Amino acid sequence: MTGKLKSKLQVMKFGGTSVGNASCIARAAEIVAQAARENAVVAVVSAMSGVTNRLVDAATHAAAGDAKAGATLIAALRQQHQDALAALVPAENTRTAVADRIETTLAEGQRLFDGTALLRELTPRALDTISSLGERLCAPIFASAVSELGVRGVAVDATELIITDSYHGGAEPLMEQTRERCEACLRPMLKENIVPVATGFIGATREGALTTLGRGGSDYSATILGAALGADEVIIWTDVDGVLTADPRLVPDARIIPEISYREAAELAYFGAKVLHPKTLRAVLPAGIPVWIRNSFAPERAGTRISQQGRSIGGGVKALTAIRDVALISIGGPGIVGVPDVVGRTFSTTAELRANVLLISQSSSQNDICFIVAAADAQRTVEALRREFAQDLSHEVVDHITVDPKIAIVAVVGENMRGTPGVAGRTFNALGREGVNIIAIAQGSSEANISFVVEDGAMKQALLATHREFGLANAPSSREENSEFQDVRK
Ligand code: ASP
Ligand code: MG
């Protein structure tokens, strides 16, 4: 394609299952190569599925003094990645450079595991570097798979592209610096018809220390790069057909939502619908760049388009989601009305821990504040609150700080619920009919969701009842002819 002006700039992210083995990588590379004949394309890749978990696991073992865990994993990763590379790039001389790069990354990994086992200490910074290995192994393989298809792919470490603050394990991008880096590094490659293949999940501080954006953060990497480059669209290629009205394992007649707004998708992500990392849409919001969720295993399917407007469907309610791995923390007692700044102190405590608070509810008598955090954050949150309120507990003005892990949150999401009266009423009537007991309720002032807390065991029933009540299975499932979609697949 000499000299032809590329019609648009696409950032395409492939998740762990989409690069899970050689044939998945081949399929994903084909999607990239095909798009790159028409458009300027930046690919962003996750680690091969399961690799990050295994790295974190081995790091934990090493920190406990297990000197072998690292070596065992490194050997397995060598096999897995060199095999995938050999399958994708049959000519040995073509793959030597990538094979060497894999070895260099593995050697670094080995040193990190050895150091961890020796020190019996795993700092957040070391954990970030260990966790990054999966993406850094995968990107060069993916790039060479793209090159095999006649489009030049070049792996780029996102430490060169995404500049972040220094919060290891959940860093935030510094967009100005990131933009400069992307212009300097990616733009010239795109001009030469190269497909940069960036590692998802990772970035670096201004000083060059490697950081990660948080587990599942490759989605966020894609929108950060999309925003930095002013892309026309970001496509998250995954292993499901798009955003669904509910989890199909729980609600069998759940269906794909063709279009959804940023806010709705963000609410769904926030409440645990697994398709998107919760921070993903933040990056594209200011510029209004559309984000697609599409199935890399069925690229002929349309997927879900997430945009500023979305598209409304009847009734205002668009989707349901539920999260199970959460705990309800409640803090209260008859005297807490008199305790200075209970709310402020409670949430400065959670903020300090960076515990993710998913729902807050306070009774008007003010003798109980309850909120929900991820189960993983529950214990340390309660401990920190007990320290913060130690004096008040000893004077019995605060009489309890308790945690209940056997609960789930169900959220009813839809932007057009705003100004649609009766959604809350219908929800609670439907639940009442089914005998589902509601423990707490919250509605955000955005009115894009109503969420309620139920016992874990009642979650499925709550979902089925509300899905039926709002006729979510019956809403139109076919997308109107969509010009942008046609373009994507040309
Ligand atoms: N590989 C990373 C993880 O498993 C990032 C990602 O897949 O998005 O968390
Ligand atoms: Mg993911």
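One-based numbering, in listed order, for ligands and for the atoms of each. Everything numeric here is computed off the predicted structure, so don't read it as measured data.
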Which pairs would a plain distance check flag for residues 82-89, meaning a side-chain donor or acceptor within less than 3.5 Å of a matching protein atom at least two apart in sequence or in another chain?
unit_1 : atom_1 : unit_2 : atom_2 : d
Q82    : NE2    : A99    : O      : 3.3
Q82    : NE2    : E103   : OE2    : 2.9
D83    : OD2    : Q79    : NE2    : 3.2

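The ring-ring contact (aromatic ring centres under 6.0 Å, His included) test applied to F347 returns F371, not counting sequence neighbours.
Between D219 and ligand 1, not a single N/O pair is under 3.5 Å apart. Between G216 and ligand 1, at least one N/O pair is under 3.5 Å apart.
Not a single heavy atom of G16 lies less than 4.0 angstrom from ligand 1.
Using a 4.0 Å cut-off to heavy atoms of R215, the atoms of ligand 1 that qualify are 3 (C), 4 (O), 9 (O). Those atoms of ligand 1 that come under 4.0 Å of a heavy atom in S218, given as number and element, are 5 (C), 6 (C), 7 (O), 8 (O). Proximity to S46 (heavy-atom distance under 4.0 Å) selects the following atoms of ligand 1: 6 (C), 7 (O), 8 (O). Those atoms of ligand 1 that come under 4.0 Å of a heavy atom in T52, given as number and element, are 1 (N), 2 (C), 3 (C), 4 (O).
Considering S46, C24, S49 as possible partners of T17, the one that fulfils the side chain to side chain contact (heavy atoms under 4.5 Å, CB included) test is S49.
At a heavy-atom cutoff of 4.0 Å, ligand 1 is contacted by the side chain of E135 but not by its backbone.
No donor-acceptor contact under 3.5 angstrom links the side chains of E415 and Y262, judged on distance only. When only modelled atom types and interatomic distance are considered, T212 and H168 share no side-chain donor-acceptor pair under 3.5 Å.
Counting heavy-atom neighbours within 6.0 Å of H61 NE2, excluding the residue itself, gives a total of 12 or less.
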